[in-house]
Protein chains: 2
Amino acid sequence: MNRDDSLTLDNQLCFALYACSREMTKLYRPFLDELELTYTQYVALLALWEQDDVTVKQLGSRLYLDSGTLTPLLKKMEQAQLIVRARDAADERNVRIRLTERGGTLKQKVCDAQQKAFSRANIPAEETKELRDRLTRLLQQIHQTTTEE
Amino acid sequence: MNRDDSLTLDNQLCFALYACSREMTKLYRPFLDELELTYTQYVALLALWEQDDVTVKQLGSRLYLDSGTLTPLLKKMEQAQLIVRARDAADERNVRIRLTERGGTLKQKVCDAQQKAFSRANIPAEETKELRDRLTRLLQQIHQTTTEE
DNA sequence: TAGAATTACATTGTATTCAATTTAATTTAG
DNA sequence: CTAAATTAAATTGAATACAATGTAATTCTA
């Protein structure tokens with residue numbers, strides 16, 4: 001197999017990731033629509049349920065997103081009364097994000113939505129664990145590369 | 001582990017996919033920038049190098065993208081003289097996409113770019129094959145689910 | 001065969017993503 | 001202590017994605 005023959009769509013890990021990620025989002029969409037959540041709002045909530053009262057910077061670090069994406073997202077989530085945004089009195093540069101009661105109590109419904117999405121596609125939870133861990137390692141490997149000077 | 005405890009970011013296959021796909025795109029970006037290609041243009045070219053002279057519909061089916069994404073993308077690729085768009089005389093509903101000479105000859109440079117991206121992140125080509133195939137199977141499984149009525 | 005249904009593409013509107021720049025606050029150095 | 005450097009968010013502009021709708025061409029069907 002020469003260099004040219006290997007340059008096919010099905011040979012590209014990046015394309016498998018790109019297409020699979022988008023299809024996964026489409027799988028979630030109808031269940032998230034019922035909760036009036038976008039996919040990005042969903043992952044932001046996942047992060048906040050794990051650690052509440054974080055700065056935009058910290059949230060971005062967890063989600064691999066920057067303020068250009070997060071600022072408008074978080075403003076919409078505040079309008080939807082999922083979170084509250086407030087400048088940190090101790091360091092006015094920081095904006096702290098806190099879940100509202102509504103944002104907190106949505107967790108159980110989102111958990112149900114996630115299970116429905118997976119069962120709809122017949123994705124066995126166990127079978128995905130290794131795949132998930134492998135992707136997480138690859139993610140960190142790439143991220144380390146792209147954030148080196 | 002109850003239902004709530006499993007609802008963490010690191011437990012979500014969807015998040016691993018979402019974050020990993022975006023980081024992979026960032027890894028490619030500097031190399032594609034040199035060729036004045038966006039990531040989506042890159043995957044469109046990969047598809048066209050495999051099969052040239054296809055309709056927008058066929059290309060969308062291959063890339064899992066619809067005309068809402070492809071029409072503006074292909075117009076820009078036409079402006080950049082990578083492709084030509086033309087209505088099919090036999091069925092005026094179809095728009096056929098053909099590579100230009102410039103679009104065709106870019107293949108070798110893109111091949112080099114792809115290798116540079118992978119070597120920069122120390123991703124061994126062999127090690128990724130299984131991961132890629134696994135993702136492709138998952139992609140098809142989800143796609144089949146979401147395209148059922 | 002004429003109207004209905006379907007198909008392919010284009011358009012519109014909403015929501016990201018991200019690089020690059022700007023602004024304001026804080027920290028560091030001289 | 002004060003100017004320079006750094007940091008955190010916000011803003012801006014370009015390029016996607018995708019659902020929903022519109023339009024024109026083709027096919028189906030009564």
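Below, all heavy atoms of this structure are taken into account, side chains as well, without hydrogens, waters or symmetry copies. Each chain gets a letter, A, B and so on, in the order its sequence line appears, and its residues count up from 1. The structure presented is a predicted model; accordingly, all values stated were derived computationally and were not measured.
- Where A/Tyr39 and B/Leu70 each meet DNA chain C at their nearest nucleotide, the meeting point lying more 5' is that of B/Leu70.
- Under 4.0 Å is where a charged nitrogen must lie from a carboxylate oxygen, and between A/Arg85 and A/Glu78 at least one such pair does.
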Report task. Could you give me the CA-CA distance, side-chain angles and deciding distance for A/Thr25 and B/Leu17, then say whether side-chain contact (heavy atoms from CB on, under 4.5 Å) is met? Result -> CA-CA 10 Å; A/Thr25 304; B/Leu17 280 166; over 6 Å; no
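- First and last contacting nucleotides of DNA chain C toward chain B (any atom under 4.0 angstrom from a heavy atom, 5' to 3' order): C/dT7 to C/dA19.
- Separation of the A/Tyr28 and A/Phe31 ring centroids does not fall under the 6.0 Å cut-off.
- Rounded to whole angstrom, the span from the NZ atom of B/Lys75 across to the C1' atom of D/dT16 amounts to 15 Å.
- Using a 4.0 Å heavy-atom distance criterion, B/Leu73 is classed as a sugar-phosphate-only contact.
- As rounded to whole Å, 12 Å separates atom C1' of D/dA8 from atom CZ of A/Arg96.
- Under the 4.5 Å side-chain heavy-atom criterion for ILVMFWY residues, no single connected hydrophobic cluster contains both A/Leu48 and A/Val84.
- Straight-line distance from the CG atom of A/Asn94 to the P atom of D/dT6: 18 Å, rounded to whole Å.
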Query raised in the report: In the 5'-to-3' direction, what one-character label does each nucleotide of nucleotides 18-29 of chain D receive under the scheme B = base within less than 4.0 Å of a protein heavy atom, S = sugar-phosphate only, - = no such atom?
Result: BB-----BS---
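- If you take CD of A/Gln58 and C1' of D/dA9, they are 14 Å apart, rounded to a whole angstrom.
- Across A/Glu36 and A/Gln41, no two heavy atoms sit closer than the pair O-OE1, 3.9 Å.
- Looking only at atom types and distance, the side chain of B/Thr136 has no donor-acceptor partner in the side chain of B/Asp133 under 3.5 Å away.
- Between the CG atom in A/Leu99 and the CG atom in A/Leu45 there is a gap of 6.5 Å [rounded to 0.5 Å].
- Dashed line: the shortest gap from a side-chain N or O of A/Lys57 to OP1 or OP2 of D/dT6 is not under 4.0 Å.
- Atom C1' of nucleotide D/dT16 and atom CG of B/Leu63 are separated by 13 Å, given to the nearest angstrom.
- Aromatic ring centres of A/Tyr18 and B/Tyr64: separated by at least 6.0 Å.
- Comment: B/Lys57 does not engage B/Asp66 in a salt bridge, judged by the lack of any side-chain N to carboxylate O separation of less than 4.0 angstrom.
- In this structure, the NZ atom of B/Lys76 is 10 Å from the P atom of D/dA14, given to the nearest Å.
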